[in-house]
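As structure tokens, the structure follows; a few thoughts come after it.
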Amino acid sequence: MAWGYKPKDYGPHRVKTILDADGTDSRIRAIVEATRVQGAAAGWHALLNTQKIDGLNMSFGTKLLYFAGYSTAHQPRPLVLDEKVRASLHQIAPGTVPPKGLVYQADYLRYLELVETRATEPTRSEVIIFETAD
């Protein structure tokens with residue numbers, strides 16, 4: 001939960017709100033379990049549908065999916081999808097995910113497949129740089 005700290009510093013408040021909500025512990029465990037056992041699609045569905053937790057949205061929640069699925073054998077593995085990633089995807093692979101608004105499970109999976117494919121292409125020399133505001 002280290003994201004959201006300096007410079008905006010909304011992280012401590014958001015984490016407290018998330019963790020103080022009734023049922024959060026069991027919902028987080030269910031999201032992690034779905035991701036580890038069934039893969040990225042199941043983790044996405046649990047995160048944003050069946051185990052939804054207020055404050056744990058796509059940007060913050062896909063960070064949980066990433067770490068939950070880091071060592072899973074399921075392909076594609078879950079990755080972070082936040083505003084910076086969306087902006088970069090819009091530049092290098094328009095149409096992968098919407099640059100603004102709702103992102104559906106199919107969009108997320110298309111993004112994961114794109115990254116997985118490009119990561120295994122030996123001739124790709126593309127480097128993506130995510131700019132941060134200072």
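All values derive from a computational prediction rather than experimental measurement.
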Q: Using modelled atom types only, decide if a donor and an acceptor are shared between the side chain of T24 and the backbone of I18 within a distance under 3.5 Å.
A: yes
**Q.** Where V103 and P98 come nearest, the two heavy atoms and their spacing
**A.** CG2-CD, 4.2 Å
Q: Grab the two heavy atoms, one from A34 and one from A42, that are nearest each other, plus how far apart they are.
A: O-CB, 3.7 Å
**Q.** Worked verdict on L19 versus I28 for side-chain contact (heavy atoms from CB on, under 4.5 Å)
**A.** CA-CA 10 Å; L19 296 178; I28 289 176; 4.3 Å; yes
**Q.** Partners passing ring pair (Phe, Tyr, Trp, His ring centres under 6.0 Å) against Y70 (at least two apart in sequence or in another chain)
**A.** Y66
Q: Could you grab the distance from atom CD of Q105 to atom CG of L47, nearest 0.5 Å is fine?
A: 10.5 Å
Q | Shortest non-hydrogen contact between D20 and K16, atoms and distance | A | OD2-NZ, 2.6 Å
Would you be so kind as to tabulate the donor-acceptor pairs closer than 3.5 Å made by side chains of residues 73-81, with sequence neighbours excluded?
| residue | atom | partner | partner atom | Å |
| --- | --- | --- | --- | --- |
| H74 | NE2 | V37 | O | 2.6 |
| R77 | NE | T72 | O | 3.0 |
| R77 | NH2 | T72 | O | 3.3 |

(Q) More than 12 heavy atoms of other residues, nucleotides or ligands under 6.0 Å from CG of D22: yes or no? (A) no
(Q) Quick check on the hydrophobic clustering: are F67 and F60 connected, directly or via other members, by side-chain heavy-atom contacts under 4.5 Å? (A) yes
Q: Before accepting this row, confirm whether a basic side-chain N of the pair R86/D82 lies closer than 4.0 Å to the acidic partner's carboxylate O.
A: no
Q. About how many Å separate CG of L112 and OH of Y108, when rounded to the nearest 0.5 Å?
A. 4.5 Å
Q) With a 4.5 Å heavy-atom cut-off, do L89 and L114 have their side chains touching? A) yes
Q. Between V85 and Y111, is any pair of side-chain heavy atoms under 4.5 Å apart?
A. yes
Q.
Can you tell me how far apart NE2 (H90) and NZ (K100) are? Round to the nearest 0.5 Å.
A. 9.5 Å
Q. So, R36 side chain and A68 main chain: donor-acceptor pair closer than 3.5 Å or not?
A. yes
Q: Kindly compute the distance separating NZ (K84) from OG (S59), expressed to the nearest 0.5 Å.
A: 10.5 Å
Q | Any L65 side-chain heavy atom under 4.5 Å of T62 side chain | A | yes
Q) Is a side-chain N or O of D107 found less than 3.5 angstrom from the main chain of R110, in a donor-acceptor match? A) no
